[in-house]
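Here is the structure we will look at.
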Amino acid sequence: MAEITEQQILDALGNVKDPDSGEDIVSGGMVTGIQTKDGHVAFAIEVDPERGAAMEPLRKEAEKTVHALPGVLTATVVLTAERQPGSAAPPPPQSAPAGPGHGPAQGPGQGPAQAGQMIPGVKSIIAVASGKGGVGKSTTAVNLALGIAAAGHKVGLMDADIYGPSMPRMMGITGQPVSDDGKTLQPLENYGVKVMSIGFLVEEDTPMIWRGPMVQSALEQMMRDVNWGDLDVLVVDMPPGTGDAQLTMAQRVPLTGAVIVSTPQDIALLDARKGLNMFRKVDVPVFGIVENMSYFNCPHCGERSEIFAHGGARAEAERLGCDFLGEVPLDIEIRTTSDGGHPITVSQPDGAHAKSYRAIAETVWTKIDQTLAAREAEAPRIVIQ
Ligand code: ADP
């Protein structure tokens with residue numbers, strides 16, 4: 001079936017009325033960012049931040065309207081709040097995504113999800129974060145998730161790195177999520193791990209231009225409108241950096257803990273420190289730091305070279321009072337396996353790298369367990385008099 005066009009979507013949405021103004025949401029300039037791929041449609045409705053929660057029925061109606069169109073398999077609609085109603089619709093954003101000055105306009109409790117609300121069936125959520133991009137955060141998230149799964153736990157992996165979603169490629173998944181009930185998406189699965197990524201809905205090389213509130217809604221819907229089933233842990237590959245999007249995510253997602261990935265060349269690990277402080281600010285326990293690309297393994301002679309000041313992360317972790325979770329070398333096998341969709345933890349499970357990742361996974365799992373047990377102990381008891 002031919003791909004649905006943007007015009008067809010707009011025509012249908014022309015029948016959806018904003019209950020306050022009585023005007024339809026297309027004429028009101030509220031519909032933005034329409035994306036379609038293989039029958040999956042996503043777009044945003046811009047609303048006044050004050051009206052965020054009250055707009056949920058409108059969001060649902062828009063979603064239902066588009067979902068009912070022929071050839072549409074799923075429709076994902078997010079509410080965004082950036083401009084005041086009544087002003088002209090903004091032109092499509094051209095510049096870099098959320099950063100300072102693009103702070104989240106949705107207040108707590110607005111939008112589809114409530115702050116701090118757990119996902120039913122998901123016992124714990126951990127964030128894998130880095131102070132900057134390109135340090136191997138996604139590679140670590142994938143191998144950590146697979147390492148925890150290898151120990152027999154039920155694991156989900158959510159790609160919150162919406163600026164550069166790499167989970168479809170790294171996990172070797174090419175399909176698109178389907179929705180059985182028209183409300184929740186089924187995550188895709190490989191190597192025994194359930195995966196959700198915005199990359200399933202748009203091409204990996206499509207430049208993704210997001211503004212703060214849109215990022216937040218998209219992330220929350222990817223977490224909560226996905227049928228994760230029963231999970232021991234949901235591993236979240238965070239967007240790189242420590243900007244508003246990351247901070248809001250750390251605040252609004254009930255994280256059990258965070259793992260920071262860093263490379264030794266950030267000698268003073270200033271970026272890692274920023275990540276750590278961000279989680280501490282919002283009272284999320286930092287489980288520790290993983291040093292990635294710690295040293296170089298020569299594929300020819302097998303010699304180990306300490307190209308950068310190896311060990312910086314261990315020393316810095318000590319200084320910062322958090323644990324050092326382990327080190328992973330710079331090794332071409334790690335790159336080719338993760339970029340080729342066969343992460344080393346599953347493709348070479350008996351090798352040294354898989355062993356390192358499993359050891360890191362075991363430490364992280366112990367920390368998850370301890371954190372959950374401590375929380376349970378702290379939970380108020382009901383006293384019956
Ligand atoms: P980030 O998520 O921090 O942007 P990625 O995990 O996408 O980083 O890694 C960036 C690139 O570096 C990828 O091509 C990945 O395969 C490669 N890479 C990550 N860790 C290692 C490693 N330990 N050895 C070799 N290559 C690595």
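Start at 1 and go down the list; that is how both ligands and their atoms are numbered.
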Quick one: look at Asp331 and ligand 1, take heavy-atom pairs under 4.0 Å, and tell me if it's side chain, backbone, both or neither.
backbone
Relative to the heavy atoms of Pro329, which atoms of ligand 1 are at a distance of less than 4.0 Å?
22 (C), 23 (N), 24 (N)
Distance check, rounded to the nearest 0.5 Å: Thr263 atom OG1 versus Lys137 atom NZ?
13.0 Å
Ligand 1 to Val328 polar contact by distance, N or O atoms, under 3.5 Å
no
Does the salt bridge (Lys or Arg N to Asp or Glu O under 4.0 Å) test come out yes or no for Arg319 and Glu316, once each step is laid out?
CA-CA 5 Å; Arg319 257 196 301 279; Glu316 186 67 9; 2.6 Å; yes
Using a 4.0 Å cutoff against the non-hydrogen atoms of Ser138, which atoms of ligand 1 qualify?
1 (P), 2 (O), 6 (O)
Closest to atom 6 (O) of ligand 1 among protein heavy atoms sits Thr139 OG1, 2.6 Å
Looking at Leu330, which atoms of ligand 1 are within less than 4.0 Å of one of its heavy atoms?
24 (N), 25 (C)
Give the cluster check for Phe324 versus Tyr357: same hydrophobic cluster or not, with ILVMFWY residues linked at side-chain heavy-atom distances below 4.5 Å.
no
Number the atoms of ligand 1 from 1 as they appear, then name those within less than 4.0 Å of a heavy atom of Ile334, with their elements.
21 (C), 22 (C), 23 (N), 24 (N)
For ligand 1, which atoms, with element, lie under 4.0 Å from some heavy atom of Asp339?
13 (C), 14 (O), 15 (C), 16 (O)
Can Asn227 and Thr184 be counted as having a side-chain donor-acceptor contact under 3.5 angstrom?
no
Return the OG1 to CE distance between Thr76 and Met222, rounded to the nearest 0.5 Å.
10.0 Å
CG-NZ distance between Leu234 and Lys154, expressed to the nearest 0.5 angstrom:
14.0 Å
The protein heavy atom nearest to atom 17 (C) of ligand 1 is Arg335 CG, 3.7 Å
Check whether any N or O atom of Ser130, backbone or side chain, sits under 3.5 Å from an N or O atom of ligand 1, and answer yes or no.
no
Protein contact of atom 18 (N) of ligand 1 - nearest heavy atom, named by residue and atom, plus distance
Met293 CE, 3.8 Å
State the atoms of ligand 1, each with its element, that fall below the 4.0 Å cut-off from a heavy-atom position in Ser338.
16 (O)
For ligand 1, find out whether one of its N or O atoms is nearer than 3.5 Å to an N or O atom of Gly136.
yes
One pair to check against side-chain contact (heavy atoms from CB on, under 4.5 Å): His353 and Asn143. What are the steps and the verdict?
CA-CA 10 Å; His353 301 320; Asn143 283 294; over 6 Å; no
Flag: protein heavy atom within less than 4.0 Å of atom 11 (C) of ligand 1
no
Residues two or more places apart in sequence or in another chain: which of them pass salt bridge (Lys or Arg N to Asp or Glu O under 4.0 Å) with Arg335?
Asp339
Where ligand 1 meets Gly134 - atom numbers and elements under 4.0 angstrom, heavy-atom basis
1 (P), 3 (O), 4 (O), 8 (O)
Separation between CD1 (Ile45) and CD1 (Ile25), nearest 0.5 Å, reads 4.0 Å
For atom 7 (O) of ligand 1, tell me which residue out of Met170, Arg169, Lys132, His353 has the closest non-hydrogen atom.
Met170
Please list, chain by chain and in numerical order, all residues satisfying side chain to side chain contact (heavy atoms under 4.5 Å, CB included) with Thr5, sequence neighbours excluded.
Gln7, Gln8
Any atoms of ligand 1 less than 4.0 Å from a non-hydrogen atom of Asn292? List them with their elements.
19 (C), 20 (N), 21 (C), 22 (C), 23 (N)
Would you give the length of the straight line joining atom CG of Asn15 to atom NZ of Lys17, rounded to the nearest 0.5 angstrom?
7.0 Å
I'd like to check whether Ser166 has a polar contact with ligand 1, where a contact means an N/O of the residue lying under 3.5 Å from an N/O of the ligand.
no
